Undergrad: 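My structure is below; once you've seen it, I'll send some questions.
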There are 2 protein chains.
Amino acid sequence: MEMTNYSYIGPMDRLVHPNLKDVSLAAALHALADPVRLDIIARLVDCPSLNAGASCAQATPKSTISNHLNVLRAAGLVETKVEGRERINRLRCVDFDARFPGLLASVLANKG
Amino acid sequence: MEMTNYSYIGPMDRLVHPNLKDVSLAAALHALADPVRLDIIARLVDCPSLNAGASCAQATPKSTISNHLNVLRAAGLVETKVEGRERINRLRCVDFDARFPGLLASVLANKG
DNA sequence: TCCATAGTTCGGAAATCTTGAACTATATCC
DNA sequence: GGATATAGTTCAAGATTTCCGAACTATGGA
């Protein structure tokens, strides 16, 4: 019997979503300040619930998508629910807009 | 006579300011996504023209301030003019807002 | 001329980002 | 049940970016 070094931060069916009051403006802007993440957000606007694969251009490596979704989740921009063997992602528009009024709207308006 | 390795990108009295059409949304957000740079911007809102030293908390190293101002300049957020032995920085509010309408206002409104 | 002030450039250490490989977890087919 | 496929995470290491002290350029004033 082999001991493994891999560990999960928590149970895989309960991902951690921050309270928006604990997200700084700099952290929120940092999450938005990346072309891949802006693309993920744009896709989630068009189609409000997507699994990880579908929320990114298909050339993007899985581990990269996973990291970008972690950043978006940590910034309170995305919520993730486990559904069967996939994770469904949604924008936390209401929560995010309550914390940073107008910010996401203004970013989306300027992304063309 | 000693040859030096130090070089300036251009004449020191003519700093490069980008045309805002060449600034991407991701680059603009990246420039905004840093506590030190947000602080610089806030100071320039309060006091519209400041030299490098005055645009940052006084504990910040000079080379660090210089780098942050480069990032802000490259994002079209700050313009710099040489005046005697100092460089006076100003926000390019009008230019930036023409390129990214509402974005800077919404960031400033959310920075408290 | 010499000194002080203002800011840039360089280089190396530190932090962060990217991504393939190995892994966990769940579903589906026999 | 077992084998296989699919979805996504974790790890590790290379690549990239950021930070900042030291050396430098540039200007102003005594």
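A, B, ... follow the sequence lines: proteins, then strands. Residue 1 opens every chain. Every value quoted in this text rests on a predicted model; they were computed, and no experiment measured them.
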Undergrad: Do the side chains of B:Leu20 and B:Arg92 get nearer than 4.5 Å, heavy atoms only?
TA: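 Result yes, sub-4.5 Å side-chain heavy-atom pair found.
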Undergrad: What I'd like to find out is whether the side chain of B:Leu104 reaches to under 4.5 Å of the side chain of B:Leu77, using heavy atoms alone.
TA: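 Yes; the side chains approach each other to less than 4.5 Å.
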Undergrad: For the residue pair A:Leu25 and A:Phe100, establish whether any side-chain heavy-atom pair is separated by less than 4.5 Å.
TA: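 In short, these two side chains touch, coming nearer than 4.5 Å.
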Undergrad: What is the distance from CD of B:Glu86 to P of C:dA4, rounded to the nearest Å?
TA: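 Atom-to-atom, B:Glu86 to C:dA4, this comes out as 18 Å.
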Undergrad: Does the side chain of B:Arg73 come within less than 4.5 Å of B:Leu15's, by heavy atoms?
TA: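 Heavy-atom side-chain distance check passes, below 4.5 Å.
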Undergrad: To the nearest Å, how far apart are A:Leu15 CG and D:dA7 P?
TA: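 Result: 17 Å.
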Undergrad: Could you tell me whether the side chain of A:Ile41 reaches within less than 4.5 Å of the side chain of A:Val107, counting heavy atoms only?
TA: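 When only atoms from C-beta onward are counted, A:Ile41 and A:Val107 do not touch, as no gap falls below 4.5 Å.
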Undergrad: How many whole angstroms separate atom CD of B:Gln58 from atom C1' of C:dT5?
TA: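 So the two atoms are 17 Å apart, to the nearest Å.
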Undergrad: Could a donor-acceptor pair under 3.5 angstrom be found where the side chain of A:Ser66 meets the base of D:dG8?
TA: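 Flag unset: no donor-acceptor pair detected.
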Undergrad: Return the value, rounded to whole Å, for the distance between atom CG of B:Leu69 and atom C1' of D:dC19.
TA: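 It is 15 Å, rounded to the nearest whole Å.
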Undergrad: How many whole angstroms separate atom CG of B:Asn89 from atom P of C:dG7?
TA: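 In whole Å, C:dG7 P lies 8 Å from B:Asn89 CG.
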Undergrad: How about B:Ser49 and B:Arg90: do any of their side-chain heavy atoms sit closer than 4.5 Å?
TA: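 Yes, side chains in contact.
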Undergrad: May I ask you to evaluate whether B:Thr64 reaches the phosphate of D:dC20, defined as a side-chain N or O under 4.0 Å from OP1 or OP2?
TA: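 Yes, because at least one side-chain N or O of B:Thr64 sits under 4.0 Å from OP1 or OP2 of D:dC20.
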Undergrad: Without decimals, in angstroms, what is the distance between A:Glu83 CD and C:dT26 C1'?
TA: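 Rounded to whole Å, this separation is 13 Å.
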Undergrad: If you find the nucleotide of DNA chain D closest to B:Lys62 and the one closest to B:His68, which residue's nucleotide is nearer the 5' end?
TA: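 The residue whose closest nucleotide sits nearer the 5' end is B:His68.
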Undergrad: Let me spell it out: for each of A:Arg85 and A:Asn67, pick the nucleotide of DNA chain D with the closest heavy atom. Which residue's pick is nearer the 5' end?
TA: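 Between the two, 5'-proximity favours A:Arg85.
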Undergrad: Whole angstrom is fine here: how far is it from NZ in B:Lys81 over to P in D:dT27?
TA: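 One finds 18 Å between P of D:dT27 and NZ of B:Lys81, rounded.
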Undergrad: Contact list please: residues 34-53 of chain B against DNA chain C, heavy atoms, distance less than 4.0 Å, in numerical order.
TA: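 By residue number: B:Asn51, B:Ala52, B:Gly53.
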Undergrad: How many whole angstroms separate atom CD1 of A:Ile65 from atom P of D:dT9?
TA: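 Going from CD1 in A:Ile65 over to P in D:dT9 covers 10 Å.
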Undergrad: Do B:Val36 and B:Ile65 belong together in a cluster built from hydrophobic side chains that touch within less than 4.5 Å?
TA: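 Shared cluster, yes.
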Undergrad: So, is A:His30 close to the C:dC17 phosphate, meaning a side-chain N or O under 4.0 Å from OP1 or OP2?
TA: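 For C:dC17, OP1/OP2 do have a side-chain N/O of A:His30 under 4.0 Å.
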